[in-house]
Amino acid sequence: MSNSSASAPGGAKVSDLQEEGVVATLGDSDTSMHAGSRSARHSDPHSERHPIVQLRDVVKIYGEGSTRVVALDKINLDIYKGQFTSIMGPSGSGKSTLLHALAGLDAVTEGQINVAGKMITGLKDKALTHFRRDNIGFVFQSFNLVPTLDAKANIELPSRLAGHKVDPHWMNQVVRALQLDNRLTHKPHELSGGQQQRVAVARALVTLPAVLVADEPTGNLDSASSEEVLSLLRQAVDNLGQTVIMVTHDSDAAAIADRTLIVKDGSIVADLANPTVESIMEVTR
């Protein structure tokens, strides 16, 4: 597949967006990790935007009787295209359940979930698997790299499994941006934790997903590697128009987003636009 046919998140061609100056090379931004210095953030994250993820009256219940737990309680939520949304909450609040539900990893008990124009609730397993493969990019805490494959093969694996050709121009752009040029022939055990997570981010980005979901992506990383990964996710939004949804327990990490949702007891109790560490701490005390 040539670069002229590669589509950016939302369906526009990458080459067209680059020619128009809308999409920069991923590594071009010197985006700061600190909320107060990020001029690229949107002052109104809902302005002139369209929901790419919609949840309506979503309920998730585990167990029955005395073991019954309501993990999600009538969630109504719009997540907007080209927006970085972070989700925070205490352990057992339902934040990971919410992420897994909107990514099609976990079936819900009631309600409807629409992602990229497709109603995913009620899809059969095979259809849901195909939808996730073609529309959702995943970055997990545990990296989930195949130990017997080198970095290049790990990055290309989802596309190969889907029967899609990997656009070499886009692949090279992502690899250069993530500074993996000299690591492509290395297997996971030959890479540091930060390098492994960069491979995982590259694997998610190279498929040009409609939505990229990250579940505690810095949970196993040191502070320097954590800042690096969060900066890459931020740049993916600012430079590529990628939609990123990230679960984190860290208020510093959450504050790099355009929007932070606070989840407690299965409900969204706060929705912060342009969050700061201070505003997050204020509502989570």
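- For the 3.5 Å distance criterion, the side chains of T260 and S86 qualify, holding a donor opposite an acceptor.
- Of the possible polar contacts, one joining the T243 side chain to the G82 backbone as a donor-acceptor pair under 3.5 Å is found.
- Salt-bridge annotation for K264 and D73: absent, with no side-chain N of the basic residue lying under 4.0 Å from a carboxylate O of the acidic one.
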Let's go through L261 and D271 carefully: what are the C-alpha distance in whole Å and the side-chain angles of both, what is the deciding distance for side-chain contact (heavy atoms from CB on, under 4.5 Å) to 0.1 Å, and is it a yes or a no? CA-CA 5 Å; L261 306 175; D271 186 345; 3.5 Å; yes
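- With hydrogens and angles left out, the side-chain atoms of D258 and N274 include no donor and acceptor closer than 3.5 Å.
- Within the structure, the side-chain hydrogen bond (donor to acceptor under 3.5 Å, both in side chains) test picks out the following pairs touching residues 100-125 (sequence neighbours left out): K60-D106, Y62-D106, H100-D215.
- In terms of the side chain to side chain donor-acceptor pair (under 3.5 Å) criterion, Q54 has no residue partners (sequence neighbours excluded).
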Begin from the C-alpha positions of L230 and M246 and carry the test side-chain contact (heavy atoms from CB on, under 4.5 Å) through to its verdict. CA-CA 10 Å; L230 292 169; M246 175 182 71; 3.6 Å; yes
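- In terms of the ring-ring contact (aromatic ring centres under 6.0 Å, His included) criterion, F131 has no residue partners (sequence neighbours excluded).
- Residue pairs that meet the salt bridge (Lys or Arg N to Asp or Glu O under 4.0 Å) test with at least one member in residues 82-96, sequence neighbours left out, do not exist here.
- Taking R285 as the reference, E282 meet the side chain to side chain donor-acceptor pair (under 3.5 Å) condition, with sequence neighbours excluded.
- Considering only residues two or more places apart in sequence or on other chains, Q179 meets the side-chain contact (heavy atoms from CB on, under 4.5 Å) condition with R198.
- S231 and Q235 share a donor-acceptor pair across their side chains, judged by distance under 3.5 Å alone.
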